[in-house]
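What follows is a short report on a single structure.
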Amino acid sequence: MTSPADPHTRTWSHVNGSSQDVLDRYAVTELCKGWPVYRDASEWMNYRSLFTDDACVWTTWSSDLPVDKFIEVSKEGKKNGVFIMHRECGTLAELGDSRTRAIGKMKATITHRFNEGDVAYDVDCDCRFIFFCEKQAATQEWKAKYVKLFYEKDKVVPVDGQTVPKWDKSELSTYPEGYRHLAMAQAKLGYEIDVNLPTPHDKGLWKRMYGEMENWLEGREVDLHWA
């Protein structure tokens with residue numbers, strides 16, 4: 001579970017405020033919701049429009065990739081039968097003091113369908129997508145420059161209500177708690193899993209992620225490329 005301690009050191013514009021603040025926050029939350037709506041439906045032009053030219057995204061199975069490469073490998077995965085869906089469970093945004101940077105926080109559940117022999121199952125992973133967004137000076141449009149996730153908990157869901165794969169517990173334990181079932185199943189498909197993603201069970205990366213979120217909102221440089 002998460003800690004009862006507040007991970008932020010201060011607050012930013014997140015509710016109420018001026019009409020412009022509300023409009024900017026709405027634009028950011030609308031942008032965030034484009035990930036599940038557009039990627040799941042393969043609306044790639046709409047999906048690409050969410051990001052800056054040099055955007056980078058992180059997932060369990062892709063690690064860090066420029067967004068155009070991420071789209072390319074996502075298309076290839078879909079061609080090969082990879083079936084990933086997302087359920088958006090609530091989204092809010094915080095505006096930096098300059099009103100040119102924002103953090104979008106989208107609660108979601110990733111659902112990945114797998115088939116092992118005659119066993120079909122889903123892995124559901126509850127997470128939070130964190131969008132590092134900036135307002136483009138030329139167009140005044142909000143775009144996402146980075147997207148990285150907190151992975152909070154996951155579980156295996158039998159499609160038929162009763163049949164699940166039998167995995168070696170020692171192998172399962174090599175993946176981070178928070179997304180280990182998802183990682184295990186994806187690794188069986190041949191993906192190289194990023195094991196350096198923030199979860200509530202690794203306070204170092206959890207705290208580091210919040211630090212980078214605050215750096216972004218305060219106009220400082222951020223480093224999300226963790227070894």
Side-chain angles (χ1 to χ4, degrees), residues 25-53 55-93 102-116 119-133 141-161 178-194 197-199 224:
R25 293 198 310 267
Y26 179 81
V28 172
T29 59
E30 187 177 50
L31 181 153
C32 296
K33 294 176 185 182
W35 184 297
V37 172
Y38 298 144
R39 188 183 183 280
D40 290 2
S42 298
E43 295 183 13
W44 299 116
M45 289 185 290
N46 284 341
Y47 181 77
R48 182 62 181 87
S49 73
L50 305 174
F51 300 94
T52 62
D53 291 342
C56 184
V57 302
W58 284 255
T59 71
T60 54
W61 57 268
S62 69
S63 191
D64 55 320
L65 285 178
V67 67
D68 290 309
K69 180 64 174 178
F70 180 75
I71 291 172
E72 179 184 325
V73 297
S74 295
K75 287 180 178 180
E76 190 63 27
K78 289 195 175 196
K79 285 181 184 177
N80 294 329
V82 175
F83 187 17
I84 302 174
M85 303 291 284
H86 304 80
R87 294 191 293 272
E88 187 257 340
C89 305
T91 304
L92 288 173
I103 290 287
K105 299 176 176 179
M106 183 178 74
K107 289 174 62 67
T109 299
I110 300 169
T111 298
H112 193 156
R113 173 65 55 88
F114 297 92
N115 291 278
E116 288 189 28
V119 178
Y121 62 96
D122 289 338
V123 177
D124 284 359
C125 184
D126 294 331
C127 58
R128 282 181 296 145
F129 282 72
I130 305 301
F131 290 75
F132 292 72
C133 302
E141 294 179 338
W142 286 96
K143 301 286 184 180
K145 186 175 178 65
Y146 305 114
V147 181
K148 197 164 190 173
L149 285 67
F150 289 104
Y151 293 88
E152 293 172 319
K153 63 182 178 69
D154 68 341
K155 64 180 182 292
V156 177
V157 181
V159 171
D160 65 4
Y179 61 101
R180 61 177 35 152
H181 299 88
L182 182 61
M184 180 87 160
Q186 289 175 336
K188 288 179 176 296
L189 294 180
Y191 290 110
E192 184 174 347
I193 303 301
D194 187 342
L197 298 169
T199 80
L224 296 171

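With sequence neighbours excluded, the residues satisfying ring pair (Phe, Tyr, Trp, His ring centres under 6.0 Å) with Trp61 are Phe70, Tyr191. Looking at residues two or more places apart in sequence or on another chain, you find no side-chain hydrogen bond (donor to acceptor under 3.5 Å, both in side chains) involving Asn115. Residues meeting the ring pair (Phe, Tyr, Trp, His ring centres under 6.0 Å) test with Phe131, sequence neighbours left out: none. The side chain to side chain contact (heavy atoms under 4.5 Å, CB included) test applied to Ala187 returns Tyr175, Ile193, not counting sequence neighbours. Asn80 is linked by a side-chain hydrogen bond (donor to acceptor under 3.5 Å, both in side chains) to nothing, counting only residues two or more places apart in sequence or in another chain. Legend: residues meeting side-chain hydrogen bond (donor to acceptor under 3.5 Å, both in side chains) with Arg25, ordered by chain and number and at least two apart, are Ser13. Contacts of Glu88 classified as salt bridge (charged side-chain N to carboxylate O under 4.0 Å, His left out), with partners at least two apart in sequence or in another chain: none. Qualifying salt bridge (charged side-chain N to carboxylate O under 4.0 Å, His left out) partners for Glu30, counting only residues two or more places apart in sequence or in other chains: none. Looking at residues two or more places apart in sequence or on another chain, you find a side-chain hydrogen bond (donor to acceptor under 3.5 Å, both in side chains) between Lys69 and Glu72.
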Val57/Phe51 under side chain to side chain contact (heavy atoms under 4.5 Å, CB included): CA gap, chis, key distance, verdict: CA-CA 10 Å; Val57 302; Phe51 300 94; 3.8 Å; yes
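A distance of 6.0 Å separates CD1 in Ile84 from CD in Gln186, rounded to the nearest 0.5 Å. In this structure, Asp194 CG and Asp64 CG are separated by 7.5 Å, a value rounded to the nearest 0.5 Å. Rounding to the nearest 0.5 angstrom, the gap separating the CE atom in Met106 from the CG atom in Leu149 is 7.5 Å. Rounding to the nearest 0.5 Å places CZ of Arg128 at 12.5 Å from SG of Cys89. Atom-to-atom distance recorded for Leu182:CG and Lys155:NZ is 12.0 Å, nearest 0.5 angstrom.
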Under 3.5 Å, which donor-acceptor pairs do the side chains of residues 31-40 form with other protein atoms, sequence neighbours left out?
from	atom 1	to	atom 2	distance (Å)
Arg39	NH2	Ser74	OG	3.0
Asp40	OD1	His86	ND1	2.7
Asp40	OD2	His86	N	2.8

Can you give me every donor-acceptor pair (side chain of residues 119-126, partner residue at least two apart or in another chain, under 3.5 Å) with its distance?
from	atom 1	to	atom 2	distance (Å)
Tyr121	OH	Glu116	OE2	2.7
Asp122	OD1	Arg113	NE	2.3
Asp122	OD1	Arg113	NH2	3.4
Asp122	OD2	Arg113	NH2	3.3
Asp124	OD1	Thr111	OG1	2.9
Asp124	OD2	Arg87	NH2	3.4
Asp126	OD1	Thr109	OG1	2.7
Asp126	OD2	Lys153	NZ	2.6

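The shortest non-hydrogen separation linking Phe129 to Val147 is CD2-CG1, 3.9 Å. The two residues Ala144 and Ala55 come nearest to each other via the heavy atoms O-CB, 3.5 Å.
Using a 4.5 Å heavy-atom threshold, the side chains of Ile103 and Phe132 count as touching. In this structure, Ile110 and Thr59 have side chains that are not in contact, with every pair of non-hydrogen atoms separated by 4.5 Å or more. Side-chain contact between Ile130 and Lys105 is present, with at least one heavy-atom pair separated by less than 4.5 Å. By the 4.5 Å heavy-atom criterion applied to side chains, Val156 and Phe114 are not counted as neighbours.
Applying the salt bridge (Lys or Arg N to Asp or Glu O under 4.0 Å) test to residues at least two apart or on different chains, the pairs with a partner in residues 142-151 are Asp54-Lys145, Glu141-Lys143.
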